[in-house]
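Written below as structure tokens is the structure these notes are about.
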Amino acid sequence: MEDNHRKKQQQKGPESGVTRRHFLTGAGIGAAGLVAGAPVATGAAPTESAAIIEVGEMVPLTLRINGHPRLLLVEPRWSLAYVLREKLVMTGTKLGCDRGECGACTVLVDGVPRYSCMTLALEAEETEITTLEGLLEGEDLGDVQQAFKEHDAFQCGYCTPGQVMSVEGLLRSNPDPSLDEIRLGVSGNLCRCGAYPNIFKATRRAAELKRGKGDRS
Ligand code: FES
Ligand code: FES
């Protein structure tokens, strides 16, 4: 029951409450309003202040990623995962199922883990997006990345970026999680290799590192 709740949370868009349905029926019209002279297409009777964007038409967008603004032109249908990987070449974010089932694409949106394949890029405007690349501390691994390395918390590694982002999000909201809380925290991230025992240990270790206990090995 709680697992289902968490998965639904990850699939939801940013806290703005904007959903894909909402965007397609409402926000898209607002975004189109940014484009001067955008052609009016089909749908509800257009008014002087409303315009509907054409299929394939680009709209301007600023995303704030790892503390830096990125100016983009995007199609409204593009997911955040697609924009990160294909347009910004930030390949730390992985794409597995591309339909909200595996968690490989997890990023933080305003500090909360989200499936970027289920989040439209336009929905993420005016949020703070954190990707795997943003966890690095200069040339060094971030605490969660370091803990995963110390505990061999992966086999093939494909799920690992998403697992790391979910653990990062968990520890930001709960600095000292119990085993059950850790299990719940990564329950939206599937690991086909079954590396969960070491992922749980790595999460405990990352919590220690974040609290400033223990030297890195
Ligand atoms: S790629 Fe997004 S949940 Fe699988
Ligand atoms: S390490 Fe292979 S899927 Fe998780």
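Just so you know, these numbers come straight off a predicted model, no measurement behind them. One-based numbering, in listed order, for ligands and for the atoms of each. The figures here come from the full heavy-atom set of this structure, side chains too, leaving out hydrogens, waters and symmetry mates.
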Atom pair OH (Tyr115) and CG (Asn189), whose distance is rounded to the nearest 0.5 Å: 6.0 Å
Atom CZ of Arg204 with >12 non-hydrogen neighbours under 6.0 angstrom: yes
Distance filter under 2.8 Å, centred on atom 4 (Fe) of ligand 2 - protein N, O or S atoms that pass it: Cys159 SG, Cys191 SG
Asn66 side chain to Thr130 side chain, donor-acceptor N/O pair below 3.5 angstrom: no
Side chains of Asp110 and Thr127, donor plus acceptor under 3.5 Å: no
Side chain to side chain donor-acceptor pair (under 3.5 Å) partners for Arg192, two or more places apart: none
Residue Glu86 excluded, over 12 heavy atoms near CD under 6.0 Å: yes
Protein N/O/S atoms closer than 2.8 Å to atom 2 (Fe) of ligand 1: Cys105 SG, Cys117 SG
Pro69 and Leu63, any side-chain heavy atoms less than 4.5 Å apart: no
Listed partners of Arg64 passing salt bridge (charged side-chain N to carboxylate O under 4.0 Å, His left out), at least two apart: Glu128
Leu132 CG to Gln145 CD distance, which is reported to the nearest 0.5 Å: 5.0 Å
